[in-house]
Amino acid sequence: MSLVVMKFGGTSVEDPAAIERTASIVAGRVASGIKPVVVVSAMARVTDQLLRCASSSAKGDRTGALAISSRLRSRHRDTAAALVKQPKEAAVLINWIDRKFDQLDEVLRGLAAILELTPRISDRIVSYGERLSRRMIAAAFAERGILAAHVDAREVVLTDSQFQKAIPIDGVIEKRAAEKLRPLVNDGNVPVMGGFIGANEDGITTTLGRGGSDFTAALIGGAMHAQSIEIWTDVDGIMTSDPRVCPDALRVKVISFEEAAELAYFGAKVLHPATILPAVKKNIPVLVLNSRNPANDGTRITSLAPHCKSPFKSIAVKKKLSIIDVVASRMLMTHGYLKEIFTIFDKHQTPVDMVSTSEVSVSLTVDSNDRLPLIAADLSKLADVKYEGRKALVCMVGEDIRGQSGMAAQVFAAIRHINVRMISQGASEINMSFMIEEDDADEAVRSLHAAFFQDPDPEIFDVEARKAASSF
Ligand code: ADP
Ligand code: ASP
Ligand code: MG
């Protein structure tokens, strides 16, 4: 029996037309004998709007928060009405949607009274996006003849209690998937569950971090030993760079797990950074596919990528970073000094992306966050500290970069007009990254793309699409 986990992102379920496309993709898989387990995101932009609701009400703007919630209610009701035409089913669904929004509004009113938004409440509020979408999408599937069974992800995805970035507990998820999902699949049903959300052992709602539906898909795929995991999105696959920044980006036909993980970690939004791990552990291929263009082959992520004649596979950018310079004239490199610095980052639960050291200074890059002043205050007990925001990390991923002489010279020649603040090369064989001003990031990506993807290897990149576009 070939079980495939199919994950549909926000843009693939953004409106009735998108949900119709999603339903026909799933129906096509079922017709070809595949047993899908479907994981869905909230409708596009809903997560952002729910977060805005939460922060508005926590600031006391009850009216503003309820107004956003009311627009979301209408959007979900309208989508449900457009998709489910059978009067009884439609009434049940719309009534259920109304009850969910009534509950959400209660939470928002409470928040506006207590004026304190904890990560736990934030997760609870934001979870409505996926809870609503999976129920609505399951109903739409059912109306189109798919034997859909909606499943509450919180009954399957057990996590720890780190709200907003909870860590899933694999062993229990595997057991629960066997108990709750497997019997449905065996009976010919298509489970439809929300991604991104889970619950801790007390049943309190948690989330896996932004973009976490990909992660859910990989967890479920790993737990159920799926034949493959399909990530359906709004672009043709993993591209040589973000097509929104670089319109002539090419589809990468095949990429290794390791390369895809680096890209995701360094900002390629097309995949959540942790997605790959559960799949790698069980050697399950991951495919990135376009729900607007389902006939396209997408990108296949496999344990070993075939040899590529081009030096790089893709260029990723992570924005909204800060750089922290720690300068100590007293022998920075004395034994134990770096440990003290990292202990401070650890205390503030802030991961460091890149580090560069000299005899008297160390520079570190981190996601800009509201703990930075506290981190700087702690660091200033050890040394002089400066920090600056609005930085971007550009990450070039490719095969054996370390082994190719002259590569750094070619990269920096391509962006000679841009000021580079920090460089990291050699830590990984497959990634070369550097830090620049955020305002220069898009220009840097376009220049690098023009320099390195002139004559791409046709075995690895979809050069046909470029030819077709240029003959248009
Ligand atoms: P979804 O809602 O399906 O999860 P996301 O918006 O999270 O979709 O991710 C898809 C988007 O990722 C694309 O629209 C694209 O703009 C962006 N993206 C960034 N880097 C890349 C890349 N290297 N390849 C493809 N898409 C990328
Ligand atoms: N809806 C969540 C988000 O926007 C999770 C996801 O879509 O993957 O972050
Ligand atoms: Mg995503």
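Predicted model only: the values in this text are computed from it and were never measured. All ligand and atom numbering here is 1-based and tracks the order in the structure. Along the sequence shown, the residues carry numbers beginning at 1.
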Handout entry: From Lys313, Arg45, Lys269 - option closest to atom 5 (P) of ligand 1 by heavy atom
Key =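 Among Lys313, Arg45, Lys269, the closest heavy atom to atom 5 (P) of ligand 1 comes from Lys269.
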Problem - For atom 1 (N) of ligand 2, the option (of Glu130, Lys7, Arg45) bearing the nearest heavy atom - result: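 Answer by nearest heavy atom: Glu130.
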Taking 4.0 angstrom as the limit and counting only heavy atoms of [X], give me the atoms of ligand 2 inside it, by number and element.
X: Thr47; value: 1 (N), 2 (C), 3 (C), 4 (O)
X: Arg210; value: 3 (C), 4 (O), 9 (O)
X: Ser41; value: 6 (C), 7 (O), 8 (O)
X: Phe196; value: 2 (C), 5 (C)

Handout entry: Under 3.5 Å side-chain donor-acceptor pair for Asn200 and Thr159
Key =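 Not at all, the side chains of Asn200 and Thr159 share no donor-acceptor pair under 3.5 Å.
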Quick check on contacts: which atoms of ligand 1 are under 4.0 angstrom from a heavy atom of [X]?
X: Ala268; value: 20 (N)
X: Thr11; value: 2 (O), 3 (O)
X: Gly237; value: 24 (N), 25 (C)
X: Lys7; value: 4 (O)
X: Arg244; value: 13 (C), 14 (O), 16 (O)
X: Ile238; value: 24 (N)

Exercise for the section: Check whether more than 12 heavy atoms from other residues, nucleotides or ligands sit under 6.0 Å from atom CZ of Arg21, and answer yes or no. Expected result: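 Yes - once you tally the heavy atoms of other residues, nucleotides and ligands closer than 6.0 Å, there are more than 12.
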Practice task
Kindly check if the number of other-residue, nucleotide or ligand heavy atoms within 6.0 Å of CZ (Arg300) is above 12?
Solution key: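 Count not over threshold, so no.
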To which protein heavy atom is [atom] closest, and what is the distance rounded to 0.1 Å?
atom: atom 13 (C) of ligand 1; answer: Asp234 OD1, 3.5 Å
atom: atom 3 (O) of ligand 1; answer: Thr233 OG1, 2.8 Å
atom: atom 12 (O) of ligand 1; answer: Val270 N, 3.5 Å
atom: atom 23 (N) of ligand 1; answer: Met239 O, 3.1 Å
atom: atom 6 (C) of ligand 2; answer: Ser213 OG, 3.3 Å

Problem - Within-cut-off N or O pair, Asp214 and ligand 2, under 3.5 Å - result: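 Looking only at distances, the answer is no, because the N/O contact criterion of under 3.5 Å is not met.
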Exercise for the section: Please confirm whether Phe412 and Phe434 have ring centers closer than 6.0 angstrom. Expected result: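 Yes, the ring of Phe412 comes within the 6.0 Å limit of the ring of Phe434, centre to centre.
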Exercise for the section: Locate the shortest heavy-atom distance separating Ala140 from Val84; write the atom from each residue and the value. Expected result: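 It is N-CG2, 4.2 Å.
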Exercise for the section: Search all heavy atoms of Leu372 against all heavy atoms of Ser322 and return the closest pair with its distance. Expected result: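 Nearest heavy atoms, Leu372 then Ser322: CD1-OG, 3.3 Å.
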Exercise for the section: Nearest 0.5 Å please: distance from the CG atom of Leu250 over to the CZ atom of Phe453. Expected result: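 Between Leu250 CG and Phe453 CZ, I get 7.5 Å after rounding to 0.5 Å.
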Handout entry: Distance, nearest 0.5 Å, that separates CD1 of Ile415 from CZ of Arg446
Key =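 Between Ile415 CD1 and Arg446 CZ, I get 14.0 Å after rounding to 0.5 Å.
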Practice task
Could you tell me whether ligand 2 has any atom less than 4.0 Å away from a heavy atom of Gly195?
Solution key: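 Checking ligand 2 against Gly195, which is what was asked, there is no heavy-atom contact under 4.0 Å.
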Practice task
Could you establish whether Gly10 and ligand 2 come within less than 4.0 Å of each other, counting only heavy atoms on the residue side?
Solution key: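 Gly10 does not count as a contact of ligand 2 under the 4.0 Å cut-off.
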Problem - Lys313/Glu259 under salt bridge (charged side-chain N to carboxylate O under 4.0 Å, His left out): CA gap, chis, key distance, verdict - result: CA-CA 8 Å; Lys313 290 272 172 58; Glu259 290 167 332; 2.9 Å; yes
Is [Y] close to [X] at the side-chain level, that is, under 4.5 Å between some pair of heavy atoms?
X: Ser122; Y: Leu51; result: yes
X: Gln162; Y: Ile167; result: yes
X: Arg124; Y: Ile204; result: no
X: Asp102; Y: Arg73; result: yes

Handout entry: Nitrogen or oxygen atoms of Asp214 and ligand 1 under 3.5 Å apart
Key =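 In this structure, Asp214 places no N or O atom under 3.5 Å from an N or O of ligand 1.
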Problem - Contact (N/O only, under 3.5 Å) between Gly10 and ligand 1 - result: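 Between Gly10 and ligand 1, an N or O pair is found under 3.5 Å apart.
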Exercise for the section: May I ask you to check if Arg144 and Phe141 form a cation-pi contact, with NZ or CZ under 6.0 angstrom from the six-membered ring centre and within 45° of the axis? Expected result: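 Relative to the ring axis of Phe141, which defines the angle, Arg144 lies outside at least one limit.
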With a 4.0 Å heavy-atom cut-off (strictly under), which part of [X] contacts ligand 1: side chain, backbone, both or neither?
X: Asp242; result: both
X: Arg251; result: neither
X: Ser41; result: neither

Handout entry: Aromatic ring pairing Phe452/Phe312, orientation class (parallel under 30°, perpendicular over 60°, tilted between)
Key =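 The rings of Phe452 and Phe312 stand perpendicular, inter-plane angle above 60°.
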Exercise for the section: Please work out which of the three classes, parallel, tilted or perpendicular, describes the rings of Trp232 and Phe8, given edges at 30° and 60°. Expected result: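 Ring orientation of Phe8 relative to Trp232: parallel.
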Exercise for the section: Please confirm whether Ser241 comes under 4.0 Å of ligand 1, counting heavy atoms of the residue only. Expected result: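 Ser241: in contact with ligand 1 (<4.0 Å).
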Exercise for the section: Work out whether the distance between some heavy atom of Gly211 and some atom of ligand 1 is less than 4.0 Å. Expected result: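 Gly211 does not count as a contact of ligand 1 under the 4.0 Å cut-off.
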